[in-house]
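Sharing a structure below in structure tokens format, with a few things to ask.
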Amino acid sequence: MPQAPFPITRHRRLRATLQLRNLVREHELSVNDLIWPIFVRDGQGIEEPVASMPGVVRRSVDKIVEAAREAANLGIPAICLFPYTDASLKTQACEEAWNPDNLSNRAIRAIRDAGIEIAIMTDIALDPYNINGHDGIVRDGVIVNDETVEALVKMALAQAEAGADILGPSDMMDGRIGAIRRALEAEGHQNVTIMSYAAKFASAFYGPFRDAVGASGALKGDKFTYQIDPANRLAALACVERDLSEGADMVMVKPGLPYLDMVREVKDRFGAPTFAYQVSGEYAMIEAAAANGWIAGDKVMLESLMSFRRAGCDGVLTYFAPRVARILNG
Ligand code: PBG
């Protein structure tokens, strides 16, 4: 008989039964870790499929209220609103972004008026309102930083007035976190939180999202002059440090799975509440492979979300949120 080395390290002892595995599991995925991004459009009674994101729809405000209620009943702590803005409302100056009655602000009020207990997160960036499709104001082909920040501050205040709990600046302009935080303090919104899209990379994984919000048609060029080069790790850490020092309560890494190294590093280095966005392209890839019968969709979905937790995420923005919640709730 071959002799086993002694003492043999038998890692498999703790994997032998479900109970032992449950006992020694290091990380947990909970419904409390989920933020559900949802798309708002105008109209009444509408749920319109997004072609590149099977299972995801754009909802009119009444349906958004239903979705928020469903999410709250599932125990999901937060939803994140993204407006699909009609092309006729897109301008060079992006004024619709700070209209108190724009789609996003109407949706916030409707959810608040319905008394639904769920945190409402918003997106702060000009792309849904911009005739150029960019996150910032474009002058002579250049995305101008400081003028954009002024617009973003107006947008943030309108969202706070409407009743948003978490503001999500996703625009990547310099100085916007400090400017928004100062304005919130000055206008009596001391308790409105900011989750900065701090480590946001210029990614092709956002493709389906730009269809969902109707920005792909308008977008001229790419976003490399403001979003971070995917090759740059130190630049991303510098942005996180800067945004925390300017008053962000929480930070985000985006996209998710391909950037989990950044999640681990941000969490270890700064300790702040750290989130990642499992973006539209990541969702679409899992859905497409599952639809072809190439992978087991639900299992891959849950495994991908556990990976975010293992990497150090406190929570994840994911289009899968209600599906995950239903599974976790049993
Ligand atoms: C807009 C914004 C984008 C996403 C969230 N906010 C797209 C972009 O930066 O082009 C992407 C989300 C996703 O792909 O799911 N600033």
Side-chain angles (χ1 to χ4, degrees), residues 34-40 50-58 78-85 90 94 96-97 103-104 121-130 132-138 143 145 148-149 151-152 155-156 159 164 166-173 176-177 180 194-230 236 239 251-259 275-288 301 304-305 308 316-321:
L34 304 171
I35 300 176
W36 184 25
I38 49 181
F39 298 109
V40 196
V50 176
S52 48
M53 301 178 73
V56 171
V57 295
R58 302 184 190 106
I79 54 170
C80 183
L81 299 173
F82 291 99
Y84 172 83
T85 305
K90 296 179 198 241
C94 313
E96 184 64 10
L103 206 43
S104 172
M121 178 170 168
T122 60
D123 188 62
I124 300 183
L126 300 178
D127 51 334
Y129 313 101
N130 196 339
N132 300 289
H134 275 290
D135 293 15
I137 292 169
V138 182
I143 290 103
N145 193 89
T148 299
V149 170
L152 298 172
M155 189 176 180
Q159 293 173 349
I166 306 170
L167 305 184
S170 71
D171 54 282
M172 293 304 283
M173 296 301 121
R176 89 273 205 222
I177 301 298
I180 291 169
I194 299 176
M195 184 190 294
S196 171
Y197 288 62
K200 178 171 180 178
F201 292 87
S203 174
F205 284 96
Y206 308 149
F209 173 94
R210 292 178 191 166
D211 290 339
V213 298
S216 359
L219 183 62
K220 297 176 187 74
D222 56 48
K223 300 193 176 184
F224 278 93
T225 68
Y226 44 107
Q227 299 178 348
I228 302 168
D229 185 335
C239 286
V251 290
M252 190 203 295
V253 172
K254 180 184 177 200
L257 277 193
Y259 294 83
F275 293 77
Y277 199 140
Q278 182 173 48
V279 300
S280 56
E282 300 176 61
Y283 173 87
M285 288 196 307
I286 293 176
E287 282 301 284
M301 168 184 82
S304 68
L305 290 164
F308 284 95
V316 187
L317 286 93
T318 176
Y319 301 98
F320 289 121

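Indexing begins at 1, ligand by ligand and atom by atom, following the structure's order.
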*For ligand 1, which part of S170 has a heavy atom less than 4.0 Å away: the side chain, the backbone, both, or neither?*
both

*Donor-acceptor pair, side chain of Y226 and main chain of D135, under 3.5 angstrom*: yes

*Using a heavy-atom cut-off of under 4.0 Å, does the side chain or the backbone of V279 touch ligand 1, or both, or neither?*
both

_atom 5 (C) of ligand 1: the protein heavy-atom neighbour that sits closest, reported with distance to 0.1 Å_ = K254 NZ, 2.7 Å

*When you measure from atom 8 (C) of ligand 1 to every protein heavy atom, which one gives the shortest distance, and what is it?*
K223 NZ, 3.3 Å

*Would you mind telling me if ligand 1 is within reach of the side chain of Y283, the backbone, both or neither, using heavy atoms under 4.0 Å?*
neither

*Checking R58 side chain against V50 main chain: does a donor-acceptor pair fall under 3.5 Å?*
no

_Side-chain donor/acceptor of E282 to backbone N/O of G256, under 3.5 Å_ = yes

*Please answer whether the main-chain N or O of I137 pairs with a side-chain N or O of T148 as donor and acceptor at a distance below 3.5 Å.*
yes

*Numbering the atoms of ligand 1 from 1, which are under 4.0 Å from a heavy atom of Y277?*
12 (C), 15 (O)

*Verify, without hydrogens or angle tests, whether E287 (side chain) and S52 (backbone) share a donor-acceptor contact under 3.5 angstrom.*
no

_Looking only at protein heavy atoms, which one is nearest to atom 14 (O) of ligand 1, and what is the separation?_
S280 OG, 2.7 Å

*Geometric cation-pi criterion K200 and Y277, 6.0 Å radius, 45° cone*: no

_Whether D127 lies under 4.0 Å from ligand 1, heavy atom_ = yes

*Short N/O distance, under 3.5 Å, between Y197 and ligand 1?*
no

*Can a non-hydrogen atom of Q227 be found less than 4.0 Å from any atom of ligand 1?*
yes

*Does F209 reach the side chain of V279, with side-chain heavy atoms less than 4.5 Å apart?*
no

*Crowded around Y259 OH? As in, over 12 foreign heavy atoms under 6.0 Å?*
yes

*Is ligand 1 under 4.0 Å from a heavy atom in the side chain of D123, in the backbone, in both, or in neither?*
side chain

*Measure the distance from atom 12 (C) of ligand 1 to every protein heavy atom, then report the residue, atom name and distance (to 0.1 Å) of the closest one.*
F209 CD1, 3.3 Å

*What are the atoms of ligand 1, with element, lying closer than 4.0 Å to any heavy atom of R210?*
8 (C), 10 (O)

*Could you state the interatomic distance from CD1 (I124) to CZ (R176), rounded to the nearest 0.5 Å?*
9.0 Å

*Whether Y84 side chain and P128 backbone form a donor-acceptor pair below 3.5 Å*: no

*Has K200 got any heavy atom lying under 4.0 angstrom from an atom of ligand 1?*
yes

*Within a distance under 4.0 Å of any heavy atom of A125, pick out the atoms of ligand 1 and give their elements.*
16 (N)

*Which ligand 1 atoms, with their elements, are less than 4.0 angstrom from a heavy-atom of F82?*
5 (C), 6 (N)

*Using atom types as modelled and distance alone, determine if a side-chain donor or acceptor of N132 lies under 3.5 Å from a backbone N or O of H134.*
no

*asked:* Just to confirm my output: which protein heavy-atom neighbour is closest to atom 15 (O) of ligand 1, and how far is it?
replied: Y319 OH, 2.6 Å

